[in-house]
2 protein chains.
Amino acid sequence: MNRMKTPRPLTNLELALLGLIQQEPRAGYDLCKIFETTPMGHYSSSPGAIYPALKRLENRELLAGTVERAGSMRPRRVYSLTPSGLEELEAWASQAVTHEDLVWRSEELILRFSFMGQLVDRSIICRFLREVADGIDALLLGLEAHHGTMLDSRLPPGVLPTGRLALELGMESYQGLARWARRALAELADVELDDKG
Amino acid sequence: MNRMKTPRPLTNLELALLGLIQQEPRAGYDLCKIFETTPMGHYSSSPGAIYPALKRLENRELLAGTVERAGSMRPRRVYSLTPSGLEELEAWASQAVTHEDLVWRSEELILRFSFMGQLVDRSIICRFLREVADGIDALLLGLEAHHGTMLDSRLPPGVLPTGRLALELGMESYQGLARWARRALAELADVELDDKG
DNA sequence: AAAGGCATGTAAGGTGTTACATGATTGT
DNA sequence: ACAATCATGTAACACCTTACATGCCTTT
């Protein structure tokens with residue numbers, strides 16, 4: 001029987017690194033630059049996090065590093081995905097969207113979507129978008145209940161209802177995400193028509 | 001000269017705890033329940049984070065704990081804000097909104113707003129909302145530049161533009177936040193009229 | 001008597017943050 | 001010669017996550 005310790009799940013940073021390296025082989029410094037200069041930088045920060053993460057991924061054999069400028073004191077390590085690294089990424093991209101993903105890991109969800117185009121085919125991307133949209137509809141029911149209790153509760157005079165307004169922002173963010181998902185779904189259907197035309 | 005080590009900034013969890021305890025004195029267990037059962041739970045997780053955070057805040061003398069059921073093996077510690085705790089909270093709530101806050105600490109920003117009603121007066125709340133709305137307008141200029149480059153870059157045939165769509169989601173989220181801020185501003189102006197009426 | 005909620009905590013482990021260190025290469 | 005950029009890393013520290021431990025009190 002295939003019995004091995006289940007490895008801890010990958011962090012957002014590790015997933016971002018795998019996705020970027022799948023686009024093309026890259027060195028640590030290249031990745032630092034991407035995080036510094038693009039909105040992808042939302043998922044990282046600094047060499048102090050990136051280099052250790054690359055080493056972890058190499059230890060897990062999801063990445064393989066080949067050394068350029070060998071013999072020099074400052075070699076440049078260029079990483080590529082290993083077959084099992086690609087497998088891991090594709091499995092990640094193909095997962096179903098859970099309630100927990102939407103509530104606790106929405107950033108990972110967006111990261112996942114942004115790499116899906118390179119990793120999986122249209123049917124899986126569309127399923128992802130439908131699951132996001134439908135999952136949010138379910139979430140909103142719970143939030144509306146809380147919103148109702150906040151509308152009922154009376155505040156001391158002079159205290160402005162910022163707590164309620166903050167909750168409304170949360171609800172609107174979810175609604176915006178659902179609208180985006182449905183619009184993206186429609187756009188991807190158009191792309192399909194373009195391909196045929 | 002008043003020379004003391006600048007203390008590290010408070011974490012989101014610590015700020016949430018201070019804000020909740022300012023509403024009324026609470027024990028660790030009460031706080032756990034709030035995080036488990038309300039959307040405030042977004043900011044925490046588990047006793048394993050909450051109890052150490054309470055202890056840290058007590059060491060800093062931002063909280064003071066009084067022991068109920070003393071002598072028992074399982075005492076109940078009820079925490080209240082100290083004067084300097086209240087000072088710290090109010091200073092936090094009164095800060096100007098920076099570019100960095102919007103890009104890197106948007107969750108803290110929402111937390112801040114949700115407690116502002118209890119902590120500061122209308123003028124500061126309205127300034128906060130204006131700074132959020134205007135700050136986002138500036139941010140969006142940079143994101144639109146990136147969006148332009150993504151529209152120009154050609155993808156390999158068959159690869160769907162999920163990266164671009166993800167960026168569009170990010171931009172729409174910011175736009176939604178700005179719209180919310182302006183709407184909240186209008187609503188708070190109405191409350192002012194109600195008070196006078 | 002057992003189960004479940006009240007109530008507080010500790011321990012191990014891993015990750016991110018910040019700051020620092022090092023040296024090579026390229027441009028002026 | 002000097003500065004900036006390329007390029008990789010380490011060390012200290014603090015925090016969160018998960019899992020576990022403990023014992024009281026109330027209900028069934």
In the hydrophobic cluster built from side-chain contacts under 4.5 Å, what are the other members alongside A:V159?
-> A:L155
Take B:L129 and B:R182 through the test side-chain contact (heavy atoms from CB on, under 4.5 Å) and record every step on the way to the result.
-> CA-CA 7 Å; B:L129 290 169; B:R182 297 200 161 96; over 6 Å; no
May I have the distance from B:E108 (atom CD) to C:dT17 (atom P), rounded to whole angstrom?
-> 15 Å
Step through the shown structure and confirm whether more than 12 heavy atoms of other residues, nucleotides or ligands are within 6.0 Å of CD on B:E36.
-> yes
Given D:dC24, is OP1 or OP2 found less than 4.0 Å from the side-chain N or O atoms of B:R76?
-> no
ring-ring contact (aromatic ring centres under 6.0 Å, His included): which pairs involve residues 105-151 of chain A, sequence neighbours left out?
-> A:F113-A:F128, A:F113-A:W180
Against the side chain of A:Y29, the closest entry in D:dG9, C:dT15, D:dT5 is D:dT5
Mind running a 4.0 Å heavy-atom check of residues 9-20 of chain B against DNA chain D and sending the residues that fall below it, in number order?
-> B:T11, B:L13
To the nearest angstrom, the CZ-C1' distance between B:R77 and C:dC6 comes to 17 Å
Just wondering, do A:R112 and A:L109 contact through their side chains at under 4.5 Å, heavy atoms?
-> yes
Could you walk me through whether A:E172 and B:R183 pass the salt bridge (Lys or Arg N to Asp or Glu O under 4.0 Å) check?
-> CA-CA 12 Å; A:E172 285 169 28; B:R183 196 155 17 78; 2.9 Å; yes
Check salt bridge (Lys or Arg N to Asp or Glu O under 4.0 Å) between B:R56 and all other residues, then give those that pass, not counting sequence neighbours.
-> B:E14
Whole-Å distance separating the CD atom of B:E68 from the P atom of D:dC24 | 18 Å
Taking only N and O in the side chain of A:R8, is any of them less than 4.0 Å away from OP1 or OP2 of D:dT17?
-> no
Which whole-number value in Å describes the distance from B:N59 CG to D:dC15 P?
-> 11 Å
Looking at side-chain heavy atoms only, is the closest gap between B:T149 and B:S153 below 4.5 Å?
-> no
Taken in chain and number order and not counting sequence neighbours, the residues that satisfy ring pair (Phe, Tyr, Trp, His ring centres under 6.0 Å) with A:Y79 are none
Let me know the distance between CZ of B:R26 and P of C:dT8, rounded to the nearest Å.
-> 13 Å
Residue-phosphate contact under 4.0 Å: A:R56 side-chain N/O, C:dT15 OP1/OP2 = yes
By a strict heavy-atom criterion of less than 4.0 Å, which residues belonging to residues 30-55 of chain B are in contact with DNA chain D?
-> B:S45, B:S46, B:G48, B:A49
